[in-house]
Trainee: 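Questions regarding the structure given below will be posed in turn.
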Amino acid sequence: MSNNNSRIVDIRATTVTVPLQAPLRHSNGAHWGRFVRTVVEVETGDGLVGLGELGGGGASAEEAIRSLKPYLVGHDPARTEALRFMIANPTASLYNNRTQLLAALEFACLDLVGKRAGLPVHDLLGGKVRDEVEFASYLFFRYPGRDGAGEVRTPEQLVEHALELKRLNGFRVHKLKSGVFPTAYELECYRQLAAALPGDKLRFDPNGALGVEESIAFAAAIEDLDNDYLEDPTWGLNGMRRVRQNTRIPLATNTVVVNFEQLAANVLDPAVDVILLDTTFWGGIRPCIKAAGVCETFQLGIAVHSSGELGIQLATMLHLGAVLPNLNLAADAHYHHLADDVIVGGKLRYSGGKIAVPSGPGLGVELDRDKLAEYAELYRELGGYPYDRDPGRPDWYPLLPNTDFADPDAAGVPPALQAAYDSYPNARN
Ligand code: MG
């Protein structure tokens, strides 16, 4: 079907940094006020460009994408299954873990095929079963931004933040990213959230920071609330299985089942109830659909995971969510914490806690070249940031289980973060 003009002739990678409204804290450290992402463009002989996106960036990420050009030039983008074996053959992956690179290229190839056919990506993937995808409000403890605003540290600040997000976006499901403060303190925060959001659903995700017994005790302490699930309270399939044997709350994961081997292990000897599918970590939209099919067969739950997306990756999550019949849980997105986006028209909007599935050809989003240039320049100015370091405790790193949580009484901007703010006075949050 394809002629030579529809074959790949070039690939490009551009690192951007897009500001967040305030730094987001998690169990290992923080996002220091911005996301770093790599925008991938795949071009065919007739000048059509498909878009992909990758987490992180800088010279090494850009080089990793560019190094695959010899593999891709001359390839028909419609052959996405062949692409998997060309660049991420499982038996070669011991030496070259390219799953996330494959994902970015799969997005771009699907975008190209859709654009050429005049069809949205969801039509290439079985067709949509819904027009909108529901999202959870992703709640983080936050350091204040450059302007001094946006701190989320106390239960009162957390509740105010959640209500504001609900007012702006219509969220009916709320996920608290935890594992930052002592567990008893976070339990109080979570219970106050539940009290302030009657009728809404809740999720708690400490990124595996708790021990097994602490996780079981925490689950017992929230069992009376309207929990969608408890996400990765502890680490490892065996730890999660022990927790699951001792709670009635469904367990979810984006850490212990992130490939088909682990999915098989979890089917044979269940450790979790809900698999959070990530279009990047699983190697593309199509592997997520395959995994969702396995979950449908074994009646495991699914949801859509967020690893911190701009509009291109968000579009992949929307097309994925559109085609999964068994998606009855809200998706996660960091998206509402972004101050801006690199797509034409600016950030996609929420309505009633949902985002409409794009209906244009391909992924249905277009790159805003001015924004791309602006945020590529911001990356050159600011560089990367240590995602697994807490600016409030520069010499600290967590053990597993964590026994040294942050102090909930430590208010304001910590010195290391202030120093970062001061070094780039012209940068926005
Ligand atoms: Mg998680």
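Just follow the structure's listing: the first ligand is 1, and inside any ligand the first atom is 1. Because the structure is a prediction, the values reported are computed rather than measured.
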Trainee: Are any N, O or S atoms from N254 nearer to the Mg ion (ligand 1) than 2.8 Å?
Mentor: yes
Trainee: Does D205 bring an N, O or S atom to under 2.8 Å of the Mg ion (ligand 1)?
Mentor: yes
Trainee: Check step by step if side chain to side chain contact (heavy atoms under 4.5 Å, CB included) holds for L367 and V344.
Mentor: CA-CA 6 Å; L367 206 46; V344 170; over 6 Å; no
Trainee: So, applying ring pair (Phe, Tyr, Trp, His ring centres under 6.0 Å) with F140, which one of H31, H26, H334, H174 is it?
Mentor: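 The passing option is H334.
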Trainee: For W282 and F260, take the angle between the two ring planes, folded into 0 to 90°, and tell me which bin it lands in: parallel under 30, tilted 30 to 60, perpendicular over 60.
Mentor: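 Judged by the thresholds at 30° and 60°, the geometry between W282 and F260 is perpendicular.
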Trainee: Would you say E231 has an N, O or S atom lying under 2.8 Å from the Mg ion (ligand 1)?
Mentor: yes
Trainee: Can you find a side-chain donor-acceptor pair between H336 and N169 that sits under 3.5 Å?
Mentor: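 No - no donor-acceptor pair under 3.5 Å links their side chains.
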